[in-house]
Undergrad: 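Attaching a single structure in structure tokens format; questions to follow.
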Amino acid sequence: MGTPQVIPSLMQIPLPYSFLWGFVCISITSIFLVFVLLMLAFAIHAGRIFYISFFMLFIPASVLSIFLSVVINTPYTPFLQGALSLPLLALWPLAKLETLPEAWGSTARELGVNQSACLQLIIWPLLKKPLIVSFFLSLFFGIAQ
């Protein structure tokens, strides 16, 4: 019997599991980075700046992410591909976050709503559909790689 086939860029993991490992790394990295980016955009009110910069970067970053495994064969390639898919995955949630009025936080506080209730009643209904779409898009992007 011969040795099992492996993909060298995925830390010598046998072939059926290497695709699963790449899928998991790409999906989890991209989902985590989208949530971190949205929290940062929400905290510093920079949703518009992130939206504009990611709108300009999503085509080059997506193309680079697709062809990255051909250019770089390291164990960290799936993580880099997940990070490069961030502009594509964050566009729709950032666009929805941009539609939120600037003074919503101060208005909600004046009405007596705390931060968690504001998140539950204002932010979550606004971002629920874009986050679900981004989640499934990251899963599809991980499978496609």
Side-chain angles (χ1 to χ4, degrees), residues 1-105 108-109 113-145:
M1 218 71 173
T3 60
Q5 293 180 339
V6 294
I7 295 177
S9 65
L10 293 175
M11 298 183 279
Q12 304 299 328
I13 298 173
L15 196 57
Y17 302 110
S18 62
F19 292 120
L20 181 64
W21 172 252
F23 159 70
V24 168
C25 292
I26 290 170
S27 298
I28 290 189
T29 302
S30 60
I31 291 168
F32 175 74
L33 289 177
V34 165
F35 281 117
V36 167
L37 176 80
L38 287 176
M39 287 191 306
L40 182 65
F42 181 68
I44 63 173
H45 303 289
R48 178 171 290 238
I49 295 168
F50 287 140
Y51 177 75
I52 291 169
S53 61
F54 283 175
F55 187 74
M56 291 187 299
L57 287 175
F58 86 92
I59 291 176
S62 299
V63 170
L64 182 62
S65 174
I66 290 169
F67 293 110
L68 190 66
S69 61
V70 176
V71 177
I72 300 173
N73 277 335
T74 66
Y76 306 108
T77 302
F79 296 108
L80 292 173
Q81 287 175 323
L84 285 171
S85 66
L86 178 65
L88 176 66
L89 299 177
L91 272 181
W92 196 18
L94 284 173
K96 287 291 189 176
L97 191 63
E98 188 178 332
T99 63
L100 201 61
E102 208 43 53
W104 71 270
R109 276 189 229 89
V113 178
N114 60 8
Q115 188 74 13
S116 65
C118 197
L119 180 69
Q120 181 183 8
L121 298 174
I122 297 172
I123 301 297
W124 177 245
L126 182 71
L127 292 180
K128 181 175 30 175
K129 192 182 295 183
L131 287 176
I132 291 171
V133 169
S134 291
F135 175 75
F136 284 115
L137 191 60
S138 72
L139 293 177
F140 174 74
F141 200 65
I143 291 170
Q145 292 298 321

Undergrad: How long is the span from the CG atom in L33 to the CG atom in L86, to the nearest 0.5 Å?
TA: 5.5 Å
Undergrad: Within this structure, what is the CG-CG distance for the pair L131 and L126, rounded to the nearest 0.5 Å?
TA: 9.5 Å
Undergrad: Can you tell me how far CZ of F32 sits from OG of S138, rounded to the nearest 0.5 angstrom?
TA: 14.0 Å
Undergrad: Step through the shown structure and confirm whether more than 12 heavy atoms of other residues, nucleotides or ligands are within 6.0 Å of CG on L40.
TA: yes
Undergrad: Compare every heavy atom of S30 with every heavy atom of G82, then report the nearest pair and how far apart it is.
TA: O-CB, 3.5 Å
Undergrad: How would you list all residue pairs meeting salt bridge (charged side-chain N to carboxylate O under 4.0 Å, His left out) that involve residues 27-48, not counting sequence neighbours?
TA: R48-E98
Undergrad: Side chain of S65, backbone of Q81: donor and acceptor closer than 3.5 Å?
TA: yes
Undergrad: Output all residues satisfying side-chain contact (heavy atoms from CB on, under 4.5 Å) with L91, sequence neighbours left out; order by chain, then residue number.
TA: Y51, F54, F55, F58
Undergrad: Within this structure, what is the CZ-CD1 distance for the pair F79 and I28, rounded to the nearest 0.5 Å?
TA: 8.5 Å
Undergrad: Would you give the length of the straight line joining atom CG of L139 to atom CD1 of I31, rounded to the nearest 0.5 angstrom?
TA: 5.0 Å
Undergrad: How long is the gap from OG on S62 to CG on L88, to the nearest 0.5 Å?
TA: 4.5 Å
Undergrad: Who are the side-chain contact (heavy atoms from CB on, under 4.5 Å) partners of A41, not counting sequence neighbours?
TA: F50, L94, L97
Undergrad: Do any N or O atoms from the side chain of T29 and from the backbone of I26 form a donor-acceptor pair under 3.5 angstrom?
TA: no
Undergrad: Does P130 have any side-chain contact (heavy atoms from CB on, under 4.5 Å) partners at least two apart in sequence or in another chain, and if so, which?
TA: W92, P93, K96
Undergrad: So which atom in P87 and which in L57 form the shortest heavy-atom distance, rounded to 0.1 Å?
TA: CB-C, 4.2 Å
Undergrad: For K128, what residues pass the side-chain contact (heavy atoms from CB on, under 4.5 Å) criterion, not counting sequence neighbours?
TA: W124, I132
Undergrad: Quick one: which residue pairs count as a salt bridge (charged side-chain N to carboxylate O under 4.0 Å, His left out) with a foot in residues 51-80, not counting sequence neighbours?
TA: none
